[in-house]
Amino acid sequence: MQIGESQFVPNCSPRCGFSYIEAFSLKPSLRETMKSADLIISHAGAGSCLEALDLKKPLIVVTNNFLMNDHQVELAKQLCNDGYLYYSNCKNLLELIITMKLSELKTFPGDKSHAIANVVNKLMGFP
């Protein structure tokens with residue numbers, strides 16, 4: 001758990017089927033931590049979602065319904081409907097963890113931005 005600069009000290013004792021829970025303040029990048037995780041629980045920011053999915057890690061995103069226009073919910077709902085992740089709010093997170101079936105999640109197809117850029121370049125007449 002990344003807890004930021006909070007004074008909060010979470011209980012990291014094993015529970016709810018998790019054998020190891022780690023807490024830390026801030027890191028410049030979470031990629032290495034994500035690589036070693038068996039499950040990632042994240043906020044629903046696009047960058048965090050795509051980084052976890054790119055690493056082929058099971059993902060639960062927790063939406064913040066207080067953000068303007070509920071944009072996190074829209075992204076989370078679409079990726080969930082497509083079968084790539086689960087999403088929840090804080091209130092329902094424990095219930096989701098208990099009932100989820102990670103084996104039913106699809107593997108995210110990955111970053112296709114280079115292929116898209118190549119098509120656009122070709123259409124625009126660039127080499």
Side-chain angles (χ1 to χ4, degrees):
M1 292 179 278
Q2 179 170 292
I3 60 172
E5 295 180 11
S6 169
Q7 299 301 314
F8 176 71
V9 179
N11 175 357
C12 291
S13 62
R15 62 188 178 283
C16 299
F18 297 102
S19 58
Y20 177 73
I21 301 171
E22 175 186 4
F24 50 89
S25 50
L26 294 174
K27 294 183 177 183
S29 170
L30 294 176
R31 190 166 186 84
E32 289 304 312
T33 303
M34 287 179 161
K35 282 182 181 180
S36 66
D38 294 320
L39 171 67
I40 297 170
I41 302 173
S42 173
H43 73 119
S48 298
C49 290
L50 294 175
E51 186 165 20
L53 292 172
D54 184 50
L55 290 170
K56 314 286 188 243
K57 297 292 182 172
L59 176 62
I60 299 172
V61 293
V62 180
T63 59
N64 181 346
N65 300 60
F66 297 109
L67 292 177
M68 185 173 36
N69 300 327
D70 256 357
H71 67 278
Q72 286 192 352
V73 174
E74 293 174 15
L75 175 64
K77 186 181 279 189
Q78 185 61 55
L79 290 171
C80 180
N81 288 343
D82 292 343
Y84 298 122
L85 55 77
Y86 288 107
Y87 81 98
S88 179
N89 56 31
C90 289
K91 181 180 177 184
N92 300 319
L93 180 59
L94 180 58
E95 181 181 345
L96 174 63
I97 289 170
I98 292 169
T99 60
M100 68 185 175
K101 294 182 174 82
L102 295 179
S103 62
E104 294 180 0
L105 291 176
K106 296 178 188 176
T107 300
F108 193 68
D111 182 8
K112 304 287 186 207
S113 59
H114 287 86
I116 294 168
N118 288 338
V119 169
V120 171
N121 283 339
K122 186 175 180 181
L123 289 171
M124 298 302 293
F126 300 120

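Position 1 is the first residue of the sequence, and the numbers go up from there.
With sequence neighbours left out, T63 forms a side-chain hydrogen bond (donor to acceptor under 3.5 Å, both in side chains) with N65. Scanning for side-chain hydrogen bond (donor to acceptor under 3.5 Å, both in side chains) contacts around S13 gives N11, with sequence neighbours left out.
Cluster note: L94 groups with I98 through ILVMFWY side-chain heavy atoms spaced under 4.5 Å, whether in direct contact or through intervening members.
Between D54 and E51, the closest side-chain pair of non-hydrogen atoms is not below 4.5 Å. Between F24 and L30, the closest side-chain pair of non-hydrogen atoms falls below 4.5 Å.
Cluster annotation: M1 is not connected to Y87 through the hydrophobic network of ILVMFWY side chains, with a link wherever side-chain heavy atoms come within less than 4.5 Å. Connection of Y84 to V73 is not established within any shared hydrophobic cluster, with ILVMFWY side chains joined at heavy-atom distances below 4.5 Å, either directly or through further cluster members. Hydrophobic clustering, with ILVMFWY side chains joined whenever heavy atoms are under 4.5 angstrom apart, keeps I60 apart from L85. Residues L55 and L105 fall into different hydrophobic clusters, defined by Ile, Leu, Val, Met, Phe, Trp and Tyr side chains chained together at heavy-atom separations under 4.5 Å. Grouping the Ile, Leu, Val, Met, Phe, Trp and Tyr side chains by contacts below 4.5 angstrom, directly or via other members, places L59 apart from I21.
Rounding to the nearest 0.5 Å places CG of N92 at 9.5 Å from OG1 of T99.
For the salt bridge (Lys or Arg N to Asp or Glu O under 4.0 Å) condition, no pair includes a residue of residues 76-104, sequence neighbours left out. Annotation: salt bridge (Lys or Arg N to Asp or Glu O under 4.0 Å) contacts involving residues 4-26, sequence neighbours excluded, are absent.
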If you look only at distance, which donor and acceptor atoms sit under 3.5 Å apart when one is on a side chain in residues 36-49 and the other is two or more places apart or in another chain?
from	atom 1	to	atom 2	distance (Å)
S36	OG	T33	O	3.0
H43	ND1	G45	N	3.3
H43	NE2	S48	OG	3.0

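Considering all non-hydrogen atoms of both residues, L96 and Y86 come closest at CD2-CB, 3.7 Å.
In this structure, K56 contributes its side chain and F108 its backbone to a donor-acceptor pair below 3.5 Å.
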